[in-house]
Amino acid sequence: MINIVDDIRQSIKDLVKQSILKSIENGNIPEVEIPEISIETPREKQYGEFSTNIAMQLTRAAKKAPRQIAEMIINEINPEGTYVEKVDCAGPGFINFHLKNDWLYDALKIIQTEKEDYGKINIGKGQKVMVEFVSANPTGPLHMGNARGGALGDCIASVLEAAGYDVTREFYINDAGNQIEKFGISLEARYIQLLKGEDAVEFPEDGYHGEDIIEHMKEYINLYGDKLLDAEPSERRKELVNFALPRNINRIREGLEQYGIKFDVWFSEQSLYDSGELWETINYLKEKGWTYEKDNALWFKASELGADKDDVIVRSNGFPTYFASDIAYHRNKFLKRNFDRVIDLLGADHHGHVARMKAGVSAVGVDPSKLEIIIFQLVRLYRNGEIARMSKRTGKAISLTDLLEEVGKDAARFFFNMKASGSHLDFDLDLAVKQSNENPVYYVQYAHARICSMLRLLEGEGVKVPQIEDVNLGLLQTSEEIELMKKLAEFPDEIRICAQTLEPSRLTHYVLDVASLFHSFYNACRVKGEEENLMKARIILVDSTRIVIKNVLDILSISAPERM
RNA sequence: GUGCCUGUGGCUCAGCUGGAUAGAGCAACGGACUUCUAAUCCGUCGGUCGGGGGUUCGAAUCCCUCCAGGCACGCCA
């Protein structure tokens, strides 16, 4: 639960602030308002571990040259009792802080103490947050958009958990409304066609044309024959939907479980109809004056709440639109279930929904900033350097199941989390299955397996990971060791940034860095066979690296093999 | 036409709440296995950060504009 990087940043902030106050006191700097002191990590090693640009920011107010201000601040800094070893001024007026290595050794102690909890922080303070993602249309199989949304949403949820939030993963089942009607009509048409021939009935233009509809009906006929042929059509459709829908939902659930995703709540849209919440919400909007009638339909004044146009919530045929139930759904999230924050993941093809959904949330009296909608860009699959649309095996559109079969869960989840959600993603199917240095997943997993193998070998010789108190960590001095320790020390802060930006792609990059620094260390330094004290210190470093890689992969829900 | 996303070395991307010489990986080229896994490492090559303006001590990062690609603009979801 310790974020040592952040703690040090805070302590440096304090040092700087005290120093500026002192300089003002003794008249070296005129009385100015001190802006927020930002502490950054310089790219170049020569500039130390941390730096601040505060002197440059004070230039105008203090009416002095930035380097002059920097010098005065440095003169007044008293680093006693901190990790700071040296402070100097460089470039246009940066103040650079050089740290004693002790902070790195302390970081290793924290890792060895916290073990599988290392990285966890508590900026969430138990706040209730819902992440709603995938929410795929249950009328068909999961597609690539769902795959990316699934990987992203699940990792965002895991990161938030690691950051101390009380997280609920939720899947919204669109089991009501128009598309279910369409689903029923499609099933019915296939049912009749299968029993009475292709020409017995025309398949609706806007129906679901997928093979899976036909499959469902073949199975139904196998089980129940033609008993619905003379049934009343609406009853017949209902029966067929009741047959096929749960099967689809189960299939989706199983597919997602293979993908490493387990939802806490499967929320049914139909339940909003059944509980009356849907009409409650519509009537509430009416009462509050957020609606008007036009062309026999009921419109929601979204444009008065920031959207670019109004939208229909009840159609002229009396049926509510999807948007209406979505408002009711979000009202339920915030007002019935009291989530402090709600995060929705939507594919880029739904971005038009963002503004009006926020409008909907405001209209039911919820601060719209509590609803965060993440739009992720769509996926293009490549095979042999060309866009791949079809599954190798089935010849149909590539589903999540096909993807998992072809590249596996680890590669899929890693690749989908390698790019920021806002970036368009080209998924290279050939690369994802390649067992070589070109493939980043293996690179990371290999580092983990390599460490496990080292520790296994040592243990075989009776050398175990020592108790941290018995180790002289000060022996870790080479640049490879220092760089690796630094990276390990950053992990909790990395979680912090991921949780704040809701951008788990940082984690894949981070763990790649860890793996890379470890491999460099491995090639530069030996562990087994070194002088005992040095060996012990390096075992701690190696084991700490293992812990960090494992913890990151756990958050990504990617396996960390012990042998490869 | 309007709105959103994207444009960084041959390829895939980081960096984008402005900061110090623009970073990785892959590809290419040259090296390193009698010693803990070479699925690894070390080195070299490679960029007017899509173009053009502006804001300032300082811009890949902020603003404007243009260009290119993706997506969306339904009484569908």
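Source: prediction; values computed, not measured. We use all heavy atoms of the structure for the numbers below, so side chains are in, but hydrogens, waters and symmetry mates are not.
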Can you list, pair by pair, the side-chain donor-acceptor contacts under 3.5 Å of residues 294-302 of chain A, counting residues two or more places apart and other chains?
| from | atom 1 | to | atom 2 | distance (Å) |
| --- | --- | --- | --- | --- |
| Trp299(A) | NE1 | Lys294(A) | O | 3.3 |
| Lys301(A) | NZ | Gly289(A) | O | 3.0 |

(message) Angle between ring planes, His519(A) versus Tyr443(A), binned at 30° and 60°: parallel, tilted or perpendicular?
(response) perpendicular
(message) Applying a 4.0 Å non-hydrogen cut-off, can you work out what Gly529(A) is touching in the nucleic acid: base, sugar-phosphate, or nothing?
(response) nothing
(message) Side chain of Met56(A) only, heavy atoms from C-beta on: which candidate in A20(B), G19(B), C71(B) is closest?
(response) G19(B)
(request) Ignoring backbone atoms, test whether Tyr443(A) places a side-chain nitrogen or oxygen under 4.0 Å from the OP1 or OP2 oxygen of C41(B). (result) yes
(request) With heavy atoms under 4.0 Å as the rule, sort Gln46(A) into base, sugar-phosphate or nothing. (result) base
(request) Enter syn or anti for the glycosidic conformation of C33(B), syn applying to angles within 90° of 0. (result) syn
(request) Answer with yes or no whether the side chains of Glu269(A) and Ser325(A) bring together a donor and an acceptor at under 3.5 Å. (result) yes
(message) Could you tell me how far apart Leu541(A) (CG) and C36(B) (C1') are, to the nearest whole angstrom?
(response) 14 Å
(request) Considering only atom P, compute the distance from G46(B) to A59(B) and round it to an integer number of Å. (result) 25 Å
(message) Here's a test of your reading of the structure: between Glu562(A) and Trp299(A), which maps to the more 5' nucleotide of RNA chain B?
(response) Glu562(A)
(message) Over all strands shown, is His519(A) touching base, sugar-phosphate only, or nothing at heavy-atom distances under 4.0 angstrom?
(response) sugar-phosphate
(request) Select from Ser421(A) and Tyr47(A) the residue whose nearest nucleotide in RNA chain B is closer to the 5' end of that strand. (result) Ser421(A)
(message) Heavy atoms only, 4.0 Å cut-off, all strands: where does Ser51(A) land among base, sugar-phosphate and nothing?
(response) base
(message) Under 4.0 Å, counting only non-hydrogen atoms across every strand here, what does Cys525(A) touch: a base, just sugar-phosphate, or nothing?
(response) base
(request) Report which part of the nucleic acid Asp311(A) touches: base, sugar-phosphate, or nothing (heavy-atom distance under 4.0 Å, all strands). (result) nothing
(message) Under 6.0 Å between ring centres: does that hold for Phe50(A) and His98(A)?
(response) no
(request) Would you kindly give the CG-to-P distance between Leu517(A) and C41(B), to the nearest whole Å? (result) 10 Å
(request) Answer with base, sugar-phosphate or nothing: what part of the nucleic acid does Pro66(A) contact at a heavy-atom distance below 4.0 Å? (result) nothing
(message) Side-chain N or O of Arg67(A) versus OP1/OP2 of C57(B): is the shortest distance under 4.0 Å?
(response) no
(message) Under 3.5 Å for both pairing distances: what stems, at least three Watson-Crick or G-U pairs long, include RNA chain B?
(response) B:1-7 with B:67-73, B:10-13 with B:23-26, B:28-32 with B:40-44, B:50-54 with B:62-66
(message) From the set U21(B), C75(B), A77(B), return the single nucleotide nearest to any side-chain atom of Gln179(A).
(response) A77(B)
(request) May I ask you to say what His353(A) touches in the nucleic acid, namely base, sugar-phosphate or nothing, with a heavy-atom cut-off under 4.0 Å? (result) nothing
(message) Any side-chain N or O of Thr501(A) below 4.0 angstrom from OP1/OP2 of C16(B)?
(response) no
(request) Specify the separation, in whole Å, of atom CG of Leu425(A) and atom C1' of C71(B). (result) 15 Å
(request) Please determine if a side-chain N or O atom of Ser520(A) lies less than 4.0 Å away from the OP1 or OP2 oxygen of C42(B). (result) yes
(request) Scan Asn53(A) against the nucleic acid and name what it touches under 4.0 Å (heavy atoms): base, sugar-phosphate only, or nothing. (result) base
(message) Could you tell me how far A39(B) sits from A20(B) if I compare only their C1' atoms? Round to whole Å.
(response) 38 Å
(request) Could you tell me whether Ala297(A) contacts a base, only the sugar-phosphate backbone, or nothing, with contacts defined as non-hydrogen atoms closer than 4.0 Å? (result) base
(request) Could you tell me whether Arg383(A) and Glu406(A) have a side-chain N and a carboxylate O separated by less than 4.0 Å? (result) yes
(request) Using whole Å, report how far CG of Asp308(A) lies from P of C4(B). (result) 9 Å
(request) Report yes if the ring of His350(A) lies under 5.5 Å from the six-membered base ring of A77(B) with planes under 30°, and no otherwise. (result) yes
(request) Look at the rings of Phe518(A) and Phe521(A) and say which category their plane angle falls in: under 30° parallel, 30 to 60° tilted, over 60° perpendicular. (result) tilted
(message) So, does Arg43(A) get its side chain near the phosphate of A20(B), meaning an N or O under 4.0 Å from OP1 or OP2?
(response) yes
(message) Ring centres under 6.0 Å, that's the criterion: do Phe267(A) and Tyr329(A) meet it?
(response) yes
(message) Among U12(B), C73(B), C71(B), which nucleotide has an atom closest to any side-chain atom of Lys419(A)?
(response) U12(B)
(request) Just compare C36(B), C73(B), C76(B) and give me whichever is closest to any side-chain atom of Tyr522(A). (result) C36(B)
(request) Using a 4.0 Å heavy-atom cut-off across all strands, classify Ser316(A) as base, sugar-phosphate, or nothing. (result) base
(request) Compare the ring of Phe94(A) with the six-membered ring in the base of A20(B) and state whether they stack (centres under 5.5 Å, planes under 30°). (result) yes
(request) Take atom CG of Leu378(A) and atom C1' of G69(B), then tell me their distance rounded to the nearest Å. (result) 13 Å
(request) Could you check whether Asp310(A) gets within reach of a base, just the sugar-phosphate, or nothing at all, counting any heavy atom under 4.0 Å? (result) nothing
(message) Counting only heavy atoms from other residues, nucleotides and ligands, does the tally under 6.0 Å from CD of Glu483(A) exceed 12?
(response) yes
(request) Report yes if at least one side-chain N or O of Tyr382(A) is closer than 4.0 Å to OP1 or OP2 of C11(B); otherwise report no. (result) no
(message) Applying a 4.0 Å non-hydrogen cut-off, can you work out what Ala420(A) is touching in the nucleic acid: base, sugar-phosphate, or nothing?
(response) sugar-phosphate
(request) Write down the distance between CZ (Phe521(A)) and C1' (C41(B)), rounded to a whole number of angstrom. (result) 13 Å
(message) Check this for me: Lys409(A), atom NZ, are more than 12 non-hydrogen atoms of other residues, nucleotides or ligands nearer than 6.0 Å?
(response) yes
(request) Kindly indicate whether the side chain of His424(A) and the base of C5(B) share any N or O donor-acceptor pair separated by less than 3.5 Å? (result) yes
(message) By the 4.0 Å heavy-atom rule, please label Arg563(A) as base, sugar-phosphate, or nothing.
(response) base
(message) If you apply the rule side chain to side chain contact (heavy atoms under 4.5 Å, CB included), what do you find for Phe133(A) with Glu170(A), and how did you get there?
(response) CA-CA 7 Å; Phe133(A) 60 110; Glu170(A) 185 151 314; over 6 Å; no
(request) Tell me which nucleotide among C13(B), A20(B), C41(B) gets nearest to the side chain of Asn523(A). (result) C41(B)
(request) Check each of Glu531(A), Glu532(A), Glu530(A) against Arg538(A) using the salt bridge (charged side-chain N to carboxylate O under 4.0 Å, His left out) test, and report the only one that passes. (result) Glu530(A)
(message) Any donor-acceptor pair, under 3.5 Å, between the side chain of Asp513(A) and the base of A14(B), if you only look at N and O atoms?
(response) no
